[in-house]
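The structure appears below as structure tokens.
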Amino acid sequence: MTTDELSEYEKSALILKRHRSALHPVPTKGSQLEVIGAGEELLANALEDPTLLEGYRRERDALSRYRMLVEFVGHLECNLELLPSRYRTRAARLRFLVWSLPFRISNQEDAAWMREVHSSVLGDKRLSRNTIAQRAIAARNDWTEHLARAEDDPWLSARRADSPREFDIDHRWLTERWPNRTREGLRIPSAEGGDDQPGHAQRVTELHWLAIGDVLAAARALSPFSWWPRLLPWLPPLLAGFALITLLWWPGAGVARYLALAGMFAVVLLATSLPSGWDSLLLLRLPAAVSVGTAAVLALTPRWWVATTGWHVGLGLAVAASLYLILESRLHNVRSLDAYRRGLIVALIGLSYAFLISLVMLGFAFPVVAEHGQCLAGWWDQPATEARTLDAQCTKALGAWPDNSPLPKVSSPIGALATLTGWSFSIGIAVQLMWDSQPVTAPLGRLRRRGGSS
């Protein structure tokens, strides 16, 4: 590691805020933290800008600078009981970033001399790579638990409110080797010699990325070393698009309902076979909520599908529900552009599920269980865009026209699908909002709450 690389790490990770103040004295072996009077101010400044350590900026050698950082965090760990509680969050962040630095360096020779620094400072020349990894993992877990309690931490709450982008980057450092350079994942070996990161990435994903509705960032965190899991959020739109194209262009509308049924089965089977946590990228709360919305439409009226202009209402409800998801993202204090990106991606996935489930229900369930469902049975033998006229029996059963005269043209299959899709999606989002305190992007049935366990 060169001095320039360490300087880049200082600017992008270590330094929270530049301070113009007196320098913090270099800690000596056995010394205690100065947490009274001027000593407290020097300590607070050094936690936000460790380059304020006395003599640090004069050093031109990266090894000497890194040694000073290790000495400082080691000094903090030896005096944690003396550290005022208001500074422990910042100390936890600094400890993690310093201890994890050897595992962010791709050059193995540089990582080796970093371990030598650790061994020298800690006074144990036999200190192994696994021992250093254990300290990095302990510091990482401590920092993660502070982030999990961000709502109750004044400093973290202020940081999230003032700099939401920096707060996001704090979470990226937990799973990525060097966020400003590459999206390659961070590997910290466990004591057993395996990779400790997958389980921790799942924790960070559920804690932060899914909670704020950033599905793409969640996919990056869960699969930093593989690209194909990042395609999982796009599976429902892909299936819905394929079913829609088939519905519009295939002679007769019947084939599309079988494709939709096969697609929903594929999503369920895939979710049960994925590694732990990856199923959350499919946003399985959305199809669950949409199913409730579909059942609600079925209970409203047997004539919802008759009006040829009913799709206008469905479209309006779909737009309203999508705008709500964008607003929910915006309330996380993100920029408008990011809020639209996150909200629209979630809305696209939700509408895809709503279309697939509506197609399955309208194609298979409603003709069997809905009131006057027999009037829907013949829809799938005609083009999806073609409106149809009901026979006298259905006209009489629906009671919608005098003298048993045939009804005018009623909704086409694609129009009824648009109506049902919009209604089921909007009702599902409303149900999720009213009866479940979790965001619609939270993992289904396996949410680790902030500051606690699942």
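Values in this document were obtained by computation on a predicted structure and should not be read as measured data.
Under the 3.5 Å distance criterion, the side-chain polar atoms of Gln432 are matched with a main-chain donor or acceptor of Gln438. The main-chain N or O of Leu83 is found under 3.5 Å from a side-chain atom of Arg88 such that the two form a donor-acceptor pair. Of the possible polar contacts, one joining the Tyr66 side chain to the Val98 backbone as a donor-acceptor pair under 3.5 Å is found. The backbone N or O of Arg60 lies less than 3.5 Å from no partner atom in the side chain of Ser64, so there is not a single donor-acceptor pair. Put simply, the side chain of Ser411 gets close to the backbone of Ala416: a donor and an acceptor are under 3.5 Å apart. Put simply, the side chain of Ser223 never gets that close to the backbone of Arg220: no donor and acceptor are under 3.5 Å apart. Between the Asp153 side chain and the Arg149 main chain, no donor and acceptor come within less than 3.5 Å of each other. One N or O on the side chain of Ser157 and one on the backbone of Ala150 form a donor-acceptor pair closer than 3.5 Å.
In this structure, CG on Leu259 lies 5.0 Å from OG1 on Thr246, to the nearest 0.5 angstrom. In this structure, NZ on Lys11 lies 7.0 Å from CZ on Arg18, to the nearest 0.5 angstrom. Between Ser12 atom OG and Glu166 atom CD the span is 10.0 Å, to the nearest 0.5 Å. To the nearest 0.5 Å, the span separating CE on Met264 from CG on Leu239 amounts to 8.5 Å. Atom CG of Asp214 sits about 10.0 Å away from atom NE2 of His332, to the nearest 0.5 Å. Atom CG of residue Leu147 and atom CZ of residue Arg160 lie 9.5 Å apart, to the nearest 0.5 angstrom.
Contact check for Pro233 versus Ile345: no side-chain heavy atoms found under the 4.5 Å cut-off. Residues Pro229 and Leu222 are not in side-chain contact: their nearest non-hydrogen atoms beyond the backbone lie 4.5 Å or more apart. For the pair Phe425/Ser358, no side-chain contact is recorded, criterion being any heavy-atom separation below 4.5 Å from C-beta on. Inter-residue side-chain proximity for Leu433 and Val440 is flagged as unmet; no heavy-atom pair is nearer than 4.5 Å. Between Phe366 and Thr294 there is a side-chain heavy-atom pair separated by less than 4.5 Å. Contact of the Thr51 side chain with the Leu14 side chain is not registered, since no non-hydrogen atoms from C-beta on lie closer than 4.5 Å. Here the side chains of Leu101 and Leu69 are not in contact, with every heavy-atom distance at 4.5 Å or above. Using a 4.5 Å heavy-atom cutoff, the side chains of Trp209 and Arg172 are in contact.
Using a cutoff of 4.0 Å between basic side-chain nitrogens and carboxylate oxygens, Arg57 and Asp49 are scored as salt-bridged. Contact check on Glu5 versus Arg104 returns no salt bridge, with no Lys/Arg side-chain nitrogen under 4.0 Å from an Asp/Glu carboxylate oxygen. Looking at Asp162 and Lys17, no side-chain N of the basic residue comes within less than 4.0 Å of a carboxylate O on the acidic one, giving no salt bridge. Salt bridge annotation for Arg335-Asp338: present, with a cationic side-chain nitrogen under 4.0 angstrom from a carboxylate oxygen. Checked for salt-bridge contact, Arg65 and Glu10 meet the test: a charged N lies under 4.0 Å from a carboxylate O. Salt bridge status for Asp170 with Arg159: present, with a side-chain N to carboxylate O gap under 4.0 Å.
With Glu206 as the partner, the side chain to side chain donor-acceptor pair (under 3.5 Å) test is satisfied by one option alone out of Gln202, His208, Arg203: Gln202.
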Evaluate the side-chain contact (heavy atoms from CB on, under 4.5 Å) criterion for residues Ser424 and Ile357: first the C-alpha distance (whole Å), next the side-chain angles of each, then the deciding distance (0.1 Å), finally the verdict. CA-CA 9 Å; Ser424 60; Ile357 292 174; over 6 Å; no
Which is it for Arg67 and Glu59 under the salt bridge (charged side-chain N to carboxylate O under 4.0 Å, His left out) test, yes or no, and what are the steps along the way? CA-CA 11 Å; Arg67 180 186 180 90; Glu59 294 288 350; over 6 Å; no
Stepwise side-chain contact (heavy atoms from CB on, under 4.5 Å) check, Leu417 with Leu244: CA-CA 10 Å; Leu417 277 172; Leu244 178 60; over 6 Å; no
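The shortest heavy-atom contact between Tyr340 and Ile326 is CD2-CD1, 3.6 Å. The minimum heavy-atom distance between Arg285 and Pro439, with the atom names listed, is CD-O, 3.6 Å. Nearest heavy atom pair, residue Leu247 against residue Ala384, reads O-CB, 3.4 Å. Considering all non-hydrogen atoms of both residues, Trp155 and Glu48 come closest at NE1-OE2, 3.8 Å.
More than 12 heavy atoms of other residues, nucleotides or ligands shown are found within 6.0 angstrom of OH on Tyr87. Residue-environment remark: CH2 (Trp228) exceeds the threshold of 12 foreign heavy atoms within 6.0 Å.
Taking the centre of each ring, Tyr9 and Trp178 come in below the 6.0 Å mark.
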